[in-house]
Amino acid sequence: MRLGLALGYWGRGPDPGHLALAQEAERLGYDSVWTAEAWGSDVFTPLTWIAARTSRIRLGTAVAQMAARSPVTTAMHALTLDHLSGGRMMLGLGLSGPQVVEGWYGRPFPKSPLTATREYVEVVRQVLRREGPVELAGRFHAHPYRGEDGTGLGRPLKPITHPLRADLPVLLGAEGPKNIAQTTRIADGWLPLYWSPTRTDVYEASLDGLREGFTIAPMARAKVCDDVAEGLLPVKAMLGFYIGGMGHATRNFHADLMARMGYEEEARRVQELFLAGRREEAVRAVPDAFADEISLVGPRERVAERLALWRAGPVTDLLLLAPDPHTLRVLADLNS
């Protein structure tokens with residue numbers, strides 16, 4: 001099982017420690033480093049900054065939001081950074097949810113998310129393969145555009161720039177069972193948001209018939225510390241925000257996933273408290289057990305025991321949200 005460093009997205013501003021963490025991860029032999037975006041900083045610029053100051057570690061987006069860019073724009077970003085980094089780029093994509101897509105990006109959330117995702121990936125693949133002009137008579141992504149409000153003058157084009165790799169890895173962040181199943185068919189890997197090494201049966205049906213070489217790369221908060229309860233507080237804060245606020249009361253993919261993982265009553269309670277403005281109570285309502293099983297927190301010996309559970313399952317890459325060099329070093333040593 002390879003280790004990666006997940007840096008997440010910026011809050012109010014750039015984290016001054018991110019570059020040093022990425023460089024330390026490379027020195028320690030970590031395989032990859034990943035950036036993210038929400039409704040603030042973009043995903044590609046910080047990754048390019050890291051690429052310019054590292055030499056070996058692979059570079060991934062976890063995730064680039066599809067609503068933020070047309071698929072050809074995303075493919076342009078990926079092929080450009082792949083060239084500049086010497087073939088280290090991995091493109092992780094995610095659809096996000098209705099509140100972000102419509103509220104931030106000002107686009108309609110697709111009525112058929114599976115179709116929209118499939119079309120997006122197909123266009124990206126066509127750009128990267130460069131076997132001919134990009135052409136797709138899609139429901140959500142049409143190339144060339146033939147809508148009634150167009151000029152009718154568009155013509156199929158292929159990228160001027162020759163991509164460095166036609167097989168640049170494309171991974172998808174997917175949460176629903178059907179979305180995960182489709183991911184195994186159209187992508188090179190899957191980026192689970194929550195993964196419990198003791199509940200792999202939750203995804204068993206969706207992952208049936210995995211082809212060889214398929215990447216499964218979940219994120220997990222990691223912190224080597226003496227006080228487990230204190231170490232879990234950032235995990236619970238994250239879960240409170242995602243379960244409670246990252247979605248509508250009637251359509252929250254993160255809350256639905258927590259429910260499928262055996263915590264339905266607790267997920268609805270967290271949602272209820274968060275949406276009522278009782279955010280601190282929402283965080284406290286996140287079960288310690290759930291926060292614990294999707295993370296690696298505690299003294300070295302405890303982290304070692306739990307890491308063995310992750311290594312025993314189908315996970316190929318463990319992307320660590322690790323806030324300090326000491327934790328990075330301990331995990332590298334334990335995984336060697």
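For the numbers below, each heavy atom of this structure counts, side chains included, while hydrogens, waters and symmetry mates do not. Please read these numbers as outputs of a predicted model, since none were measured by experiment.
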For this session: Taking Asp82 for its side chain and Leu164 for its backbone only, find out whether a donor-acceptor pair lies under 3.5 Å.
Result: no
For this session: Scan Arg88, Gln23, Arg27 and name whichever one has a side-chain hydrogen bond (donor to acceptor under 3.5 Å, both in side chains) with Thr54.
Result: Arg88
Exercise. Is the CD atom of Glu280 crowded by more than 12 outside heavy atoms at less than 6.0 Å?
Worked result: no
Exercise. More than 12 foreign heavy atoms under 6.0 Å from CH2 of Trp49: is that the case here?
Worked result: no
Exercise. Which pair of non-hydrogen atoms, one from Trp310 and one from Leu296, has the smallest distance, and what is that distance?
Worked result: NE1-CD2, 3.8 Å
Exercise. Aromatic rings Trp195 and Trp190: how do their planes relate, parallel, tilted or perpendicular, breaks at 30° and 60°?
Worked result: perpendicular
For this session: State the CG-CG distance between Leu168 and Leu79, to the nearest 0.5 angstrom.
Result: 8.5 Å
Exercise. Under 3.5 Å, is there a donor-acceptor pair between the side chain of Arg199 and the main chain of Met261?
Worked result: yes
Exercise. Is Tyr203 reaching over with its side chain to a backbone N or O of Ile180, donor-acceptor style, under 3.5 angstrom?
Worked result: no
Problem set entry | Donor-acceptor under 3.5 Å (Glu119 side chain, Arg139 main chain) | yes
Exercise. Any side-chain heavy-atom pair from Pro177 and Arg260 closer than 4.5 angstrom?
Worked result: yes
Exercise. Taking the side chain from Thr61 and the backbone from Leu91, do they hold a donor-acceptor pair closer than 3.5 Å?
Worked result: no
Problem set entry | Residue pair Leu307 / Leu318, side-chain heavy-atom distance below 4.5 Å | yes
Exercise. So which heavy atom on Arg56 is nearest to which on Ala25, and how close?
Worked result: NH2-O, 4.3 Å
Exercise. Does the Thr184 side chain pair with the main chain of Leu210, one donor and one acceptor, at a distance under 3.5 Å?
Worked result: no
Problem set entry | Polar side-chain atom of Arg329 near backbone of Asp324 as donor-acceptor pair, under 3.5 Å | no
Problem set entry | Joint hydrophobic cluster, Val63 plus Val100, side-chain heavy atoms closer than 4.5 Å | no
For this session: For atom CG of Asp226, decide whether the heavy atoms of other residues, nucleotides or ligands shown that lie under 6.0 angstrom number more than 12.
Result: no
Problem set entry | Under 3.5 Å side-chain donor-acceptor pair for Arg185 and Gln182 | no
Exercise. What class does the angle between the rings of Tyr120 and His141 fall in, given that below 30° is parallel, 30 to 60° is tilted and above 60° is perpendicular?
Worked result: perpendicular
Seminar exercise, completed: Smallest heavy-atom separation, Arg58 atom then Asp31 atom, equals NH2-OD2, 2.7 Å
Exercise. So which heavy atom on Ile216 is nearest to which on Val315, and how close?
Worked result: O-CG1, 3.7 Å
Exercise. Got a sec: does the CZ of Arg146 have more than 12 other heavy atoms crowding it under 6.0 Å?
Worked result: yes
Exercise. Roughly how far, to the nearest 0.5 Å, is the CH2 atom of Trp104 from the CD atom of Gln65?
Worked result: 10.5 Å
Exercise. Which heavy-atom pair separates Arg306 from Glu293 by the least distance, and what is that distance?
Worked result: NH2-CA, 3.1 Å
Exercise. Going through the checks in order, is the salt bridge (Lys or Arg N to Asp or Glu O under 4.0 Å) test met by Arg269 and Glu281?
Worked result: CA-CA 10 Å; Arg269 179 58 177 162; Glu281 290 181 66; 5.0 Å; no
Problem set entry | Expected output: side-chain Ser295 to main-chain Val297 donor-acceptor under 3.5 Å | no
